[in-house]
S.K.: 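Got a structure for you, questions after.
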There are 2 protein chains.
Amino acid sequence: MTDDVCQKGHKKEIMAVHDTMDVLSGKWKISIISSICYYNKRRFSDILNDVNGISNKMLSKELKELEMNKLIKRTVLDTQSVTVQYQLTEYGKTLQTIINDLTDWGMKHRKVIIGEKEK
Amino acid sequence: MTDDVCQKGHKKEIMAVHDTMDVLSGKWKISIISSICYYNKRRFSDILNDVNGISNKMLSKELKELEMNKLIKRTVLDTQSVTVQYQLTEYGKTLQTIINDLTDWGMKHRKVIIGEKEK
DNA sequence: CTGTATCCTAGCTGATACTG
DNA sequence: CAGTATCAGCTAGGATACAG
């Protein structure tokens, strides 16, 4: 918890956060990245199954955007039935820290929410 | 970069990430939190100025949601002209790690983008 | 200063069906 | 299996004006 950053803050920092969120915005993007991250390699239908509630149209669209941002790599496998594999690029892997943090926070948050309901 | 988490991944983790994003969704929420975080205490008009491009309507709305989620605390100061101060709650402070990570990534990302354009 | 209240639209999103 | 196409609804978000 680096407090030194929290002094005479900057627009620069706030913009940086905003920039990151721009790349990761969209209802599903982070979930998709997580899926690929957690499994390392992942196929279209796998992700479709991992991410609860997403439609194939949305998945396709979000994957395309992530690919454009160089966060994931698309590989068409030379198999019988068409298979496409997605992986994080090296650049995409720099998001792992963030993913981990978001996961942790989400887990804790869920407990907090549940705790509140029980009151 | 904890790789151990990235083995036989889980829906649970992916959902956790999604949950976190739910709380932080909206175009401006994270920027607002950052502003408050970086300055510790922050007034409405300050945030309005910090976060580039946001309208007062949006700020008001997002602040309300953040307050509902117990992430920030609203205090009406007893001054002449109406002044309202926002701070992170203890719970909100648990987001600091994430904010820091997002800031770092955003900074690097900007450099990457700029680098690409120069090619 | 700190919001609310309207009005309005781009585009996000889901559902469904279709293609290679 | 991995998408694309189309239609249609919703709503997030912007502009503007007003209020306490």
Side-chain angles (χ1 to χ4, degrees), chain A residues 14-15 17-33 35-36 39-69 71-88, chain B residues 14-15 17-36 39 41-69 71-88:
Chain A
I14 297 169
M15 274 173 50
V17 179
H18 197 264
D19 288 346
T20 305
M21 292 316 290
D22 251 20
V23 178
L24 302 179
S25 69
K27 197 170 171 182
W28 308 104
K29 233 157 269 178
I30 307 220
S31 300
I32 294 169
I33 296 177
S35 167
I36 300 175
Y39 290 91
N40 197 16
K41 297 178 181 181
R42 211 69 181 140
R43 287 176 311 151
F44 189 88
S45 54
D46 292 331
I47 305 174
L48 204 53
N49 193 53
D50 287 339
V51 182
N52 219 299
I54 194 172
S55 68
N56 59 344
K57 178 183 136 189
M58 273 302 110
L59 179 54
S60 172
K61 188 191 142 208
E62 304 269 57
L63 281 171
K64 224 180 270 175
E65 291 178 27
L66 289 173
E67 203 191 345
M68 277 174 44
N69 279 316
L71 294 175
I72 61 174
K73 186 168 52 191
R74 199 185 97 114
T75 320
V76 181
L77 299 180
D78 193 17
T79 48
Q80 292 279 16
S81 53
V82 184
T83 308
V84 181
Q85 193 175 72
Y86 292 92
Q87 331 176 35
L88 293 188
Chain B
I14 297 169
M15 274 173 51
V17 179
H18 197 264
D19 288 347
T20 305
M21 291 317 290
D22 251 19
V23 178
L24 302 178
S25 69
K27 197 171 173 182
W28 307 103
K29 233 156 267 178
I30 307 219
S31 300
I32 295 169
I33 296 176
S34 301
S35 168
I36 301 176
Y39 291 91
K41 297 177 179 181
R42 211 68 180 141
R43 287 177 311 152
F44 189 87
S45 53
D46 291 331
I47 306 176
L48 204 53
N49 193 53
D50 287 340
V51 182
N52 219 298
I54 196 172
S55 68
N56 60 343
K57 177 185 135 189
M58 273 301 109
L59 178 54
S60 171
K61 187 189 144 208
E62 304 270 56
L63 281 171
K64 222 179 273 173
E65 291 178 27
L66 290 173
E67 202 191 345
M68 279 175 41
N69 279 315
L71 294 175
I72 62 174
K73 187 169 50 191
R74 199 184 97 115
T75 319
V76 181
L77 299 182
D78 193 16
T79 48
Q80 292 279 18
S81 53
V82 183
T83 309
V84 182
Q85 192 176 72
Y86 291 93
Q87 332 176 35
L88 293 187

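Quick note on labels: first sequence line is chain A, next is B, and so on, each numbered from 1.
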S.K.: Rounded to whole angstrom units, what separation is found between the NZ atom of A:Lys61 and the C1' atom of C:dG14?
M.R.: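 A:Lys61 atom NZ is separated from C:dG14 atom C1' by 12 Å.
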S.K.: Between D:dC1 and A:Tyr86, is there an OP1 or OP2 to side-chain N/O distance shorter than 4.0 Å?
M.R.: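 So the side-chain polar atoms of A:Tyr86 never come under 4.0 Å of the phosphate oxygens OP1 or OP2 of D:dC1.
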S.K.: Answer yes or no: does a side-chain N or O of B:Ser60 lie under 4.0 Å from OP1 or OP2 of C:dT4?
M.R.: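 So the side chain of B:Ser60 is within the cut-off, an N or O lying under 4.0 Å from OP1 or OP2 of C:dT4.
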S.K.: Ignoring the backbone of A:Ser55, work out which of D:dG3, D:dA2, C:dG14 is nearest its side chain.
M.R.: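 Comparing D:dG3, D:dA2, C:dG14 against the side chain of A:Ser55, the answer is C:dG14.
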S.K.: Given atom CD of A:Gln80 and atom C1' of D:dC1, what is their separation to the nearest angstrom?
M.R.: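 Roughly 12 Å, once rounded to whole Å.
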S.K.: Just to confirm, is there a sub-4.0 Å distance from OP1 or OP2 of D:dC1 to any side-chain nitrogen or oxygen of A:Thr83?
M.R.: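 For D:dC1, OP1/OP2 do not have a side-chain N/O of A:Thr83 under 4.0 Å.
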S.K.: Between A:Ile36 and A:Ile32, is any pair of side-chain heavy atoms under 4.5 Å apart?
M.R.: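 They are in side-chain contact.
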S.K.: Just the rounded figure in Å: distance from C1' of C:dC1 to CG of B:Asp78.
M.R.: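 Nearest whole value for this atom pair: 14 Å.
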S.K.: So, is B:Lys57 close to the D:dA17 phosphate, meaning a side-chain N or O under 4.0 Å from OP1 or OP2?
M.R.: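 No, outside the criterion.
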S.K.: Once you round it to whole Å, what is the distance between P of D:dA12 and CE of A:Met21?
M.R.: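 Going from CE in A:Met21 over to P in D:dA12 covers 16 Å.
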S.K.: Is B:Asp50 close to B:Tyr39 at the side-chain level, that is, under 4.5 Å between some pair of heavy atoms?
M.R.: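 In contact.
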S.K.: Nearest-Å distance, CG (B:Asn49) to P (C:dC1)?
M.R.: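 That distance rounds to 11 Å.
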S.K.: Give the nucleotide from the list D:dT6, D:dG14, D:dG3 with an atom nearest to the side chain of B:Lys27.
M.R.: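 Of all the options, the side chain of B:Lys27 is nearest to D:dG14.
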S.K.: Below the 4.0 Å mark, does D:dG3 have OP1 or OP2 next to a side-chain nitrogen or oxygen of A:Arg74?
M.R.: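 The answer is yes; a side-chain N or O of A:Arg74 sits under 4.0 Å from OP1 or OP2.
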S.K.: Whole Å only: how far is the CE atom of B:Met58 from the P atom of C:dA5?
M.R.: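 Distance check: B:Met58 CE to C:dA5 P gives 14 Å.
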S.K.: Can you name the nearest heavy-atom pair linking B:Thr79 to B:Val82, along with the distance?
M.R.: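 Minimum heavy-atom contact is OG1-C, 4.4 Å.
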S.K.: Rounded off to whole Å, could you give me the CD-to-P distance for the B:Gln85 and C:dT2 pair?
M.R.: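 Distance check: B:Gln85 CD to C:dT2 P gives 10 Å.
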S.K.: In this structure, how many angstroms lie between the P atom of D:dA12 and the CD1 atom of B:Ile54, rounded?
M.R.: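 Nearest whole value for this atom pair: 15 Å.
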